[in-house]
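Note sheet for the following structure.
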Amino acid sequence: MGGKAFLIISGFMLAGCQTPDLRPFRDSTAQIHSSVLEAKDLFLEEQERVKDLVPDAAKATLEKQIEVFKTNWAARVNVMESMVKYASSLASVAEAPDKSKTALEGVGQSVSELAIAAGPYAPAVEGAKDIALELIDLANRVRAVKQLKKAVLTTDKDMQRVARILSADFGIMRRELEDKQSSIRNLMDDPLSQQLQARRQVEKRVGALAEKLTENLRGQPLNNAVGGFNQDMSETQKYLEESDKWYLPHKARVELAERQLTEHVKLFRDTEAALAQWGKAHGELTRALQEGLAPDWTLLRQSADRIEKSIRKITKQDDKP
C-alpha cells in the first residue's frame, strides 16, 4: 500500500512539474498580429472615404492625420511582431527543455527587439512613457535567468503593460471609427441633400394619398376613389421612377459603407479585447508556471478566433462584386 501511494504521489508531482504546452499562446499571438496587419488597411480605407466627403478646407488636416497614422502604424506593427517573437521563444523553451539555455537566449533577444520597437511607438500612444527603457532593463534581467518560469515571472509585469497599452491604443482607434460610423450617412447624403429632401417630400405625399384613398373608400364608390388616387399618383410615380436612377445606387452605397464600418469597428473591438486578454493570459501563465499547473488558454483562444472570423467576414465582403 505504501509503495502504491508513493507512486501516485510521485506521478502527481511529475505531472505538475511538466513544462506546459505554450503553442496555443504562440499561435493566438500570431492571430492577433494578423489582425494588426489587417486593421491598418481598414482604418486607412475609412480615412480615405471620409476625406473624399469633407469640405476642401478640412482635407489638408485629414491628409496630415493620415500620414501621422501611417508612421505610427509602422511602430505598432513592429511592437506586435516582437510580441510574436517573444511568444514563439517561450514556446521554443517549453518544447525543448533540454536546450533551455539556448532557447532562453531567444527570449532575451525578443525582449531586446521589443524594447527597440517600443522606442518609436511610445510617443504615439498614451501611457507608454519610459516603456522602452523598462524593456531594455528587462532584457538584461531575462538574460540572467536559467529557468522558463523565472523568465516569465521576470517579464510578466512589463508584458502585461505592453498588452494594456496596445489594447488602449486600439480602443482609441475603435472610437474614431465609431464616430465615422455615426456620421457616414450624413456625410454621404450631404452632396445630394436637396434631391433627398425633395424625394422625402414626395414619399410623404405618397403616404398622404394612401390615407386619403382609405378615407374615400369609406364614403365613395370604389371606382371613383381608386380613379382619383391613380390620377393623383400618376405624376408622383413618374418622379419616383426617374429619381430611382440616382437614389437607389446612392442608397446602396450608403448601406454598403455602413455595413463595412460596422464590420471594421467589430474587428478593432475584437483586437482591443484580444490584446487585453493576451495580458491576462500572460499573468495566468506566470501563475501556472510558479504553481506547476497547466495554464488555461480558453479565453485567449476564443479572443483570437473571433479576430480570425472577423477578418474572414471582411475579406468575403470585400470580394463581393
Side-chain angles (χ1 to χ4, degrees), residues 25-48 63-91 106-136 138-139 155 158-177 263-279 281-282 300 303-312 314-315 318:
F25 185 66
R26 177 197 65 195
D27 296 343
S28 296
T29 308
Q31 285 176 282
I32 298 172
H33 173 253
S34 296
S35 177
V36 172
L37 295 177
E38 179 76 14
K40 173 190 175 183
D41 291 338
L42 299 182
F43 196 88
L44 283 174
E45 178 183 321
E46 297 304 341
Q47 293 284 72
E48 292 291 343
E63 285 173 354
K64 289 180 181 178
Q65 291 175 351
I66 290 172
E67 290 307 311
V68 170
F69 169 81
K70 289 178 180 178
T71 300
N72 291 344
W73 198 271
R76 288 183 184 97
V77 170
N78 289 338
V79 168
M80 198 64 230
E81 286 178 351
S82 298
M83 290 175 69
V84 171
K85 291 178 181 178
Y86 169 77
S88 297
S89 67
L90 293 183
V107 177
Q109 179 61 32
S110 68
V111 175
S112 292
E113 292 180 16
L114 180 57
I116 294 170
Y121 180 59
V125 292
E126 295 181 7
K129 184 180 179 182
D130 299 329
I131 187 66
L133 292 176
E134 286 185 21
L135 291 169
I136 291 171
L138 175 63
T155 63
D158 287 312
M159 297 309 292
Q160 288 204 49
R161 184 185 174 197
V162 170
R164 287 195 300 271
I165 291 169
L166 280 165
S167 179
D169 190 17
F170 266 79
I172 291 169
M173 291 184 286
R174 184 254 307 162
R175 287 188 287 275
E176 285 187 39
L177 288 182
E263 294 304 325
H264 297 173
V265 167
K266 184 178 185 304
L267 178 62
F268 273 76
R269 185 183 295 112
D270 289 344
T271 305
E272 176 187 0
L275 285 162
Q277 187 57 49
W278 190 95
H282 195 282
L300 180 61
S303 296
D305 287 344
R306 276 193 293 271
I307 285 174
E308 195 167 290
K309 288 177 183 177
S310 291
I311 291 175
R312 281 203 303 268
I314 290 168
T315 303
D318 291 346

Determine the minimum heavy-atom distance between Gly108 and Ala139, stating which atoms define it.
O-CB, 3.9 Å
Once rounded to the nearest 0.5 Å, what's the spacing between atom CD1 of Ile307 and atom NE2 of His33?
12.0 Å
Donor on one side chain, acceptor on other, Trp278 and Ser28, under 3.5 Å
no
CZ of Arg161 to CG of Leu138, rounded to nearest 0.5 Å, is 12.0 Å
Does a side-chain heavy-atom distance below 4.5 Å link Val77 with Lys40?
no
Side-chain heavy-atom pair Thr71, Glu67 within 4.5 angstrom cut-off:
no
Test item: Asp41 and Glu45 side chains (from C-beta on) under 4.5 Å apart, heavy atoms
no
Could you give the distance from CD (Glu113) to OH (Tyr86), rounded to the nearest 0.5 Å?
14.0 Å
When you compare the side chain of Met80 with that of Leu37, does any pair of heavy atoms fall below 4.5 Å?
no
Between the side chains of Lys85 and Glu81, is the shortest nitrogen-to-carboxylate-oxygen separation below 4.0 Å, so that they form an ion pair?
no
Suppose we screen for ring-ring contact (aromatic ring centres under 6.0 Å, His included). Which residues come up paired with Phe170, at least two apart in sequence or across chains?
Trp73, Phe268
Measuring only between side-chain heavy atoms, which start at C-beta, is Val84 closer than 4.5 Å to Ser88?
yes
Rounded to the nearest 0.5 Å, what separates atom CG in Leu135 from atom CD1 in Ile131?
4.5 Å
Do you know which two heavy atoms are closest between Thr29 and Met83, and how far apart they sit?
CG2-O, 3.7 Å
CD of Glu38 to OG1 of Thr271, rounded to nearest 0.5 Å, is 9.5 Å
Looking at Glu263 and Lys266, is there a salt bridge between them, counting it only when a charged N and a carboxylate O are closer than 4.0 Å?
no
CG-CG distance between Leu166 and Leu275, expressed to the nearest 0.5 angstrom
5.5 Å
Could you walk me through whether Ile311 and Gln31 satisfy the side chain to side chain contact (heavy atoms under 4.5 Å, CB included) test, starting with their C-alpha distance in whole Å, then the side-chain angles of each, then the deciding distance to 0.1 Å, before giving a yes or no?
CA-CA 10 Å; Ile311 291 175; Gln31 285 176 282; over 6 Å; no
Between Leu267 and Ser310 the two heavy atoms that sit nearest each other are CD1-CB, 3.8 Å
Suppose the criterion is side chain to side chain donor-acceptor pair (under 3.5 Å): which pairs have a residue in residues 163-176, not counting sequence neighbours?
Arg76-Asp169, Tyr121-Asp169, Arg174-Glu178, Arg174-Glu272
Are the side chains of Ile314 and His264 in contact, using a 4.5 Å heavy-atom criterion?
yes
Does a salt bridge link Lys309 with Asp305, judged by any charged N lying under 4.0 Å from a carboxylate O?
no
